[in-house]
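In what follows, a single structure is set out as structure tokens and then discussed.
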Protein chains: 2
Amino acid sequence: MKSQRLLAILDVVEHEAVRSQEQLRQRLAARGFVVTQATLSRDIKELGLVKRSADGAYQPSSIEGTPQTTALGALGKALSEYLVNIEPVQQLVVLRTGAGQAQLLGLAIDRSRLPEVVGTLAGDDTILIIARDVQNALAVVKKLKDLAS
Amino acid sequence: MKSQRLLAILDVVEHEAVRSQEQLRQRLAARGFVVTQATLSRDIKELGLVKRSADGAYQPSSIEGTPQTTALGALGKALSEYLVNIEPVQQLVVLRTGAGQAQLLGLAIDRSRLPEVVGTLAGDDTILIIARDVQNALAVVKKLKDLAS
DNA sequence: CCACGCGCTGCATATTCATGTATATTAATT
DNA sequence: AATTAATATACATGAATATGCAGCGCGTGG
């Protein structure tokens, strides 16, 4: 299952320095995901991983400065693809996605660095956004709805 | 005939992991419903089944569908089996389970679609329920405690 | 009693999607 | 610059799923 593999890739990359797709392929194989380099190339593109300049290891692009516009574009795409429902609750925002997609959408939200957002938590099909206050929560809902369309 | 078949599909899907329409076709044939994949494609659309990303198996969409009573029954069972502790915090409710059981209980909670619940997030042994407000959070705690016993 | 409309279905085929293979392209190394 | 390593991509394949079309059975209004 592809989405599982994508999550595994994020997990691997987060926990150890992976410097080539071949290396990543081996790590994934150890976890039971057997695929070729070509597939990883596509996965990496889809996840938006980049090579850290310091040591050449892959990592999510949010950590280095990504141009805001790029991140927002990706967020819009992710939203229109995954978002099922969005609702503010006090200073929180609850988003629903299709099964197994919450992690990916959560990542896209993190990357876009919305100023109103303090942090996010993603489960399987639910994301919780913590905003600074009620006003900001409402603002986030509006902003995300706009981006989704 | 059709409605019988639809019910059979729900029953099959609920009791075993079905990962393709072909597989489903075989299960149904064993129960006396002989139809083609094309028909199942239409049935699945009508029932609103989706593929769970965890294992690629079909399941009723957690967002809608599934008879309330069934889901509530399953929830009661899951609660009595897994729930260790439950506590409201403002408009949130924090539940503790045994290790690795939070996902299962979280799923059961989602499926039962309690009106007070906006969403849930499950980790390994902790579930966070987001309610609409403090009152609702208290109501959820009471309801779940009742169901558990 | 009949012609018509409509829902349901199968058949055949189109579409979608993930992936591997082979190769082109780009980057690094010497 | 030449060589090699790393990555991206064109093309093809296979699996799963969706769908256009035609036939069938059934109920209804004529």
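Numbered from 1 within each chain, the chains take letters A, B, ... in sequence-line order. Values reported hereafter were calculated over all heavy atoms of this structure, with side chains retained and with hydrogens, waters and symmetry mates removed.
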Side-chain N or O of [X] closer than 4.0 Å to phosphate OP1/OP2 of [N]:
X: A/Lys45; N: D/dT7; answer: no
X: B/Ser41; N: D/dT17; answer: no
X: B/Tyr58; N: D/dA16; answer: no
X: A/Lys51; N: D/dT7; answer: yes

Whole-Å distance separating the [atom1] atom of [X] from the [atom2] atom of [N]:
X: B/Phe33; N: C/dC8; atom1: CZ; atom2: P; value: 15 Å
X: B/Glu46; N: D/dA18; atom1: CD; atom2: C1'; value: 15 Å
X: B/Leu49; N: D/dA18; atom1: CG; atom2: P; value: 11 Å
X: B/Leu40; N: D/dA16; atom1: CG; atom2: P; value: 14 Å
X: A/Gln26; N: D/dA6; atom1: CD; atom2: P; value: 11 Å
X: B/Arg25; N: C/dG10; atom1: CZ; atom2: C1'; value: 12 Å
X: B/Leu24; N: D/dA16; atom1: CG; atom2: P; value: 13 Å

Without swapping roles, check the side chain of [X] against the backbone of [Y] for a donor-acceptor pair under 3.5 Å.
X: A/Gln103; Y: A/Ala122; result: yes
X: A/Thr126; Y: A/Gly123; result: no
X: A/Arg25; Y: A/Ser20; result: no

Could you check whether any side-chain heavy atom of [X] comes within less than 4.5 Å of a side-chain heavy atom of [Y], counting everything from C-beta outward?
X: A/Asn136; Y: A/Gln91; result: no
X: B/Val12; Y: B/Leu24; result: yes
X: B/Gln26; Y: B/Glu22; result: yes
X: B/Val93; Y: B/Glu87; result: no

Q: I would like to know whether A/Asp43 and A/Lys2 meet salt bridge (charged side-chain N to carboxylate O under 4.0 Å, His left out); could you show each step before the answer?
A: CA-CA 9 Å; A/Asp43 287 349; A/Lys2 186 183 167 189; 5.1 Å; no
Q: Decide whether B/Asp110 and B/Thr120 meet the rule of one side-chain donor and one side-chain acceptor closer than 3.5 Å.
A: yes
Q: Find the distance between CD (A/Glu46) and CD1 (A/Ile9) and round it off to the nearest 0.5 Å.
A: 9.0 Å
Q. Could you give the distance from CG (B/Leu95) to CG (B/Asn85), rounded to the nearest 0.5 Å?
A. 8.0 Å
Q. Could you write nucleotides 18-30 of chain C as a row of B, S and -, 5' to 3', where a protein heavy atom under 4.0 Å of any base atom gives B, of only sugar-phosphate atoms gives S, and otherwise -?
A. SBBB---------
(Q) Does anything in residues 7-23 of chain A come within less than 4.0 Å of DNA chain C? Heavy atoms only, and list the residues if so. (A) none
Pick out the pairs of N or O atoms, protein on one side and nucleotides 22-26 of chain D on the other, that lie under 3.5 Å.
none

